[in-house]
Amino acid sequence: RSSDLKGETATYWPSHWRSKLCACMHCMSMYSVLDLHFLLDECDTVIAYETKGRSDDTNRVDPLMAALSSMDRVQQVELIHEYNDLKTELKDYLKRFADEGKIVTAEDIQRFFQELQSRKKRRVERKSTR
């Protein structure tokens with residue numbers, strides 16, 4: 001009974017259960033009125049969605065990997081070092097908030113990147129004056 005199914009529930013459906021659904025005119029009309037016509041689609045399965053998800057992942061190009069592949073070896077190493085530095089600094093910055101039990105705000109993140117940009121600018125200026 002559908003009145004017993006309240007809220008979110010999980011159910012088990014045996015293989016090919018869709019082929020056992022009634023396809024008379026009355027039931028077809030009911031599926032349509034209730035916007036349940038997808039129930040009759042044998043291709044609308046969890047396996048079909050999982051397979052589609054896996055194929056979408058393999059067709060997706062990682063922008064970072066695409067950028068790295070267009071660089072020479074020195075640029076790749078520099079980019080990876082910069083990335084690791086950013087990751088470490090951000091992790092340390094956020095850890096302070098976690099240790100103090102504070103909530104990180106958008107302003108905190110903006111401040112982090114402004115400070116990071118300022119440090120980078122000073123580093124570049126020091127290199128250019130040498």
Side-chain angles (χ1 to χ4, degrees):
R1 290 182 0 204
S2 64
S3 61
D4 293 338
L5 299 177
K6 293 184 179 164
E8 293 184 26
T9 60
T11 60
Y12 170 76
W13 297 91
S15 296
H16 307 293
W17 63 269
R18 294 169 192 267
S19 63
K20 294 177 178 45
L21 291 174
C22 182
C24 74
M25 293 295 278
H26 174 73
C27 288
M28 295 299 281
S29 175
M30 178 189 65
Y31 300 145
S32 189
V33 168
L34 297 173
D35 198 26
L36 298 174
H37 51 277
F38 65 90
L39 291 177
L40 300 169
D41 183 359
E42 291 284 343
C43 297
D44 187 35
T45 64
V46 171
I47 292 170
Y49 284 102
E50 288 174 346
T51 303
K52 183 182 182 311
R54 279 193 294 276
S55 70
D56 286 350
D57 286 347
T58 58
N59 294 335
R60 198 170 297 143
V61 175
D62 182 352
L64 178 59
M65 294 310 291
L68 278 173
S69 66
S70 69
M71 297 177 180
D72 65 36
R73 199 68 161 160
V74 173
Q75 291 172 319
Q76 289 175 345
V77 171
E78 287 176 352
L79 178 67
I80 290 169
H81 280 289
E82 290 293 325
Y83 170 79
N84 285 331
D85 289 346
L86 171 65
K87 184 173 84 170
T88 301
E89 288 183 41
L90 183 58
K91 184 177 164 187
D92 292 345
Y93 182 76
L94 295 174
K95 186 176 182 326
R96 286 186 282 165
F97 287 90
D99 290 345
E100 296 172 12
K102 289 184 176 178
I103 295 174
V104 180
T105 65
E107 292 79 25
D108 295 322
I109 299 300
Q110 289 171 345
R111 187 177 319 109
F112 169 80
F113 282 104
Q114 287 169 348
E115 291 171 5
L116 185 71
Q117 192 68 30
S118 176
R119 286 193 304 272
K120 182 179 178 182
K121 188 176 179 180
R122 285 193 301 270
R123 234 185 356 236
V124 169
E125 288 172 353
R126 273 185 292 184
K127 283 183 181 180
S128 66
T129 59
R130 289 183 185 172

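All values below were derived from every heavy atom in this structure, side-chain atoms included, with hydrogens, water molecules and symmetry-related copies excluded.
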List for me each residue that meets ring pair (Phe, Tyr, Trp, His ring centres under 6.0 Å) alongside Y93, sequence neighbours excluded, and say none if there are none.
F97, F112

If we ignore angles and hydrogens, is there a donor and acceptor under 3.5 Å between the side chains of Q114 and R111?
no

Residues 16-24 side chain polar contacts: donor-acceptor under 3.5 Å, at least two apart:
{"unit_1": "R18", "atom_1": "NE", "unit_2": "D41", "atom_2": "O", "d": "3.4"}
{"unit_1": "R18", "atom_1": "NH1", "unit_2": "F38", "atom_2": "O", "d": "3.0"}
{"unit_1": "R18", "atom_1": "NH1", "unit_2": "L39", "atom_2": "O", "d": "2.9"}
{"unit_1": "R18", "atom_1": "NH1", "unit_2": "D41", "atom_2": "O", "d": "3.2"}
{"unit_1": "R18", "atom_1": "NH2", "unit_2": "D44", "atom_2": "O", "d": "2.2"}
{"unit_1": "S19", "atom_1": "OG", "unit_2": "H16", "atom_2": "O", "d": "2.7"}

Do the side chains of L36 and M28 join up, straight or via other hydrophobic residues, at under 4.5 Å, putting them in one cluster?
yes

For E125, the salt bridge (Lys or Arg N to Asp or Glu O under 4.0 Å) test, sequence neighbours excluded, returns none

Going by side-chain contact (heavy atoms from CB on, under 4.5 Å), name the residues that satisfy it together with D35, two or more places apart in sequence or in a different chain.
H37

Residue list, salt bridge (Lys or Arg N to Asp or Glu O under 4.0 Å) with D99, at least two apart or on another chain:
K95

Validation: residues 78-91 side-chain donor-acceptor distances under 3.5 Å, sequence neighbours left out:
{"unit_1": "N84", "atom_1": "ND2", "unit_2": "I80", "atom_2": "O", "d": "3.3"}
{"unit_1": "T88", "atom_1": "OG1", "unit_2": "N84", "atom_2": "O", "d": "2.9"}
{"unit_1": "E89", "atom_1": "OE1", "unit_2": "R119", "atom_2": "NH2", "d": "2.3"}

Shared ILVMFWY cluster between L40 and L34, side chains joined below 4.5 angstrom?
yes

